[in-house]
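Below is one structure, written out as structure tokens; comments come after it.
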Amino acid sequence: MPRRISIFGATGSIGQNTIDLIARAPEAYQVVALSGGRNVEHLARDAIKLKAEIAVTAFDEELDALQSALAGSGIEAAAGQTALLEAARRPADWVMSAIVGAAGLAPGLAALEQGATLALANKETLVCAGKLVLETAERHGAALLPVDSEHSAIFQALIGEDISAVERIVITASGGAFRDWPINKLRDATLAEASCHPNWQMGQRITIDSASMFNKALEVIETREFFGVEPEQIEVLVHPESMIHALVGFCDGALMAHVGPPDMRHAIGFALHHPERRSLPVERLDLARIGALTFHEPDLARYPALRLARDVMQRGGLAGCVFNAAKERSLDAFIEGRIGFLEMAAVVEDVLERIEGESGLIDASMTLDNVLQTDHLARSYADRVMTERAG
Ligand code: NAD
Ligand code: MG
């Protein structure tokens, strides 16, 4: 029996790497739903190639274009948030969550509620609503598998281990586009400069988040939520070669490292075949040729996002949701040229402080409605902060 699978965010970088893997063994999979954003022709092409049951664009106004691109194929076309949720509720064995941003949360929860295994590339899901997501998975007997390379590495290092024997978890960071820049040049960093990653090919937003280390900040929170370790047990280590993705330190002093090429098809393929290991089309590392791997501590003055992640974990509750929403909004503003590179962290910090001071929201119970409302409110706070800063 082929496995029924759906891919949310199919047209993005993770989505395309997932399609690359399943297209190598089409007989093994029956594709239920593919989702995308505005790139509907690409979405339709993939839906036809993979014989999907339904293709969904997140945006209502793209429905006509999607329908025309699918005309005659027999594949259903749908658009909008409700359609995304309905597609996520269609029975599937395995669902890839690869939408970018908090928009990935609700479809991921819907997939867990129907008992599907959720392969989680969308780290925002755990940052915004970790407790809710883990409880939903447990209540419905659904498995949650990490796809972020660091978290897949930690997960693999923990196989057969007892989490209570873990002393620390070290996640590595390449340092992003500006790791070798003098700190006083960062203020003037442009969008084009922030959009180039030295090691990984990824979507634009996560690439910029790598340059600011907001991506690593999200990943530290993701580590806490996914593995249930204390904030003090999580360390970030700059490792410019991006070969070691994470290390798990045990109480006997052993440090288990996961080493591999910077290719997301490893983490995606691991989640796809779990609990088996199968051959994957990734480069086999020649360590003799690589010769040396280097490491250093991150400079917190250069990367304020890492300091903010600590505050957010300390605060708990819905602080992760506020942090992510403010980050997404300030990233939009940076992409649109409205604020500078260093202002992103300043805006996020300001929003966290104001929301803390002005309402009891952060302590509200973690329901999907409360998370979505808080996300919305944090975005409007971010807009207000940016307007005030500009004025
Ligand atoms: P991307 O920008 O390349 O693709 C994002 C996908 O989401 C696209 O299909 C896009 O159409 C869709 N999308 C965008 N806005 C949407 C919205 N509002 N509603 C619904 N769909 C929307 O992003 P990516 O680099 O593939 O990253 C996807 C997720 O995976 C992110 O959460 C990212 O942090 C995480 N991740 C990515 C990588 C990587 O190597 N790219 C590695 C680890 C984790
Ligand atoms: Mg990562």
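Counting starts at 1 for both ligands and their atoms, following the listed order.
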Distance from atom 3 (O) of ligand 1 to nearest protein heavy atom, with residue and atom
S13 N, 2.9 Å

So which heavy atom in the protein is nearest atom 11 (O) of ligand 1, and how far is it from that ligand atom?
G37 N, 2.7 Å

Side chains of S97 and N122, donor plus acceptor under 3.5 Å:
no

Using the ring pair (Phe, Tyr, Trp, His ring centres under 6.0 Å) rule, take F155 and H151 through it: C-alpha gap first, then chi angles, then the decisive distance, then the call.
CA-CA 6 Å; F155 187 91; H151 306 76; over 10 Å; no

Identify the protein heavy atom lying closest to atom 34 (O) of ligand 1, giving its residue, its atom name and the separation to 0.1 Å.
K123 CE, 3.1 Å

Taking NZ, NE, NH1 and NH2 as the nitrogens, is one of them in D383 or R338 under 4.0 Å from a carboxylate oxygen of the other?
no

Record the part of I206 in heavy-atom contact with ligand 1 below 4.0 Å; permitted values are side chain, backbone, both and neither.
side chain

Just to check, does R205 reach to within less than 4.0 Å of ligand 1 when the distance is taken from its heavy atoms?
no

From the options T57, V56, I99, D263, select the one whose nearest heavy atom is closest to atom 22 (C) of ligand 1.
I99

Name whichever N, O or S atom of E150 ends up nearest to the Mg ion (ligand 2).
OE1

Is it the side chain (CB and beyond), the backbone, both or neither of M202 that lies under 4.0 Å from ligand 1, heavy atoms counted?
both

Starting from atom 43 (C) of ligand 1, which protein heavy atom do you reach first, and at what distance in Å?
D148 OD1, 3.0 Å

For T117, which of L144, D93, L145, V95 qualifies under side-chain contact (heavy atoms from CB on, under 4.5 Å)?
L145

Look at atom 15 (N) of ligand 1 and say which protein heavy atom is nearest, naming residue and atom and giving the distance to 0.1 Å.
V100 CG1, 4.2 Å

A quick test of your reading: do over 12 heavy atoms of other residues, nucleotides or ligands sit less than 6.0 Å from CD of E161?
yes

Salt bridge present between R187 and E343 (N-O < 4.0 angstrom)
no

Only heavy atoms count here, so choose which of A121, A267, G15, G203 is nearest to atom 30 (O) of ligand 1.
A121

Which of the numbered atoms in ligand 1 are under 4.0 angstrom from any heavy atom belonging to A58?
19 (N), 20 (C), 21 (N)

How about F323 and F214: are their ring centroids closer than 6.0 Å?
yes

Does R315 come within less than 4.0 Å of D363, counting only side-chain N to carboxylate O?
yes

Any N or O on Q81 sitting closer than 3.5 Å to an N or O of ligand 1?
no

Output the list of atoms in ligand 1 that are nearer than 4.0 Å to some heavy atom of G36, sorted by atom number.
11 (O)

Has ligand 1 got any nitrogen or oxygen that is less than 3.5 angstrom from a nitrogen or oxygen of T11?
yes

In ligand 1, the atoms that come under 4.0 Å of a heavy atom of N122 are 32 (O)

protein heavy-atom neighbour closest to atom 42 (C) of ligand 1 works out as M264 CE, 3.7 Å

Should E283 and R289 count as an ion pair when the cut-off is N to O under 4.0 Å?
yes

Assess whether a salt bridge exists between E235 and R168, defined as any Lys/Arg side-chain N lying under 4.0 Å from an Asp/Glu carboxylate O.
yes

Salt bridge flag under 4.0 Å for residues D209 and K327:
yes

I'd like to know if E86 and R89 make a salt bridge, using a cut-off of under 4.0 Å between side-chain N and carboxylate O.
no

Which atoms from ligand 1 have a heavy atom of G9 less than 4.0 Å away?
6 (C), 7 (O), 9 (O)

Just need the protein heavy atom nearest to atom 17 (C) of ligand 1, so name the residue and atom and give the distance.
A103 CB, 3.8 Å

Could you work out, for atom 6 (C) of ligand 1, the closest of S97, A106, A98 by heavy-atom distance?
A98

Would you find more than 12 non-hydrogen atoms of other residues, nucleotides or ligands less than 6.0 Å from Q233 atom CD?
yes

Taking the Mg ion (ligand 2) as the vertex, what is the angle from OE2 of E219 to OD1 of D148, given to 10 degrees?
90°

Using a heavy-atom cut-off of under 4.0 Å, does the side chain or the backbone of E124 touch ligand 1, or both, or neither?
side chain

Salt bridge E232-R310, side-chain N to carboxylate O under 4.0 Å:
no

Can you report which non-hydrogen protein atom sits closest to atom 27 (O) of ligand 1, along with the distance?
I14 CG1, 4.3 Å

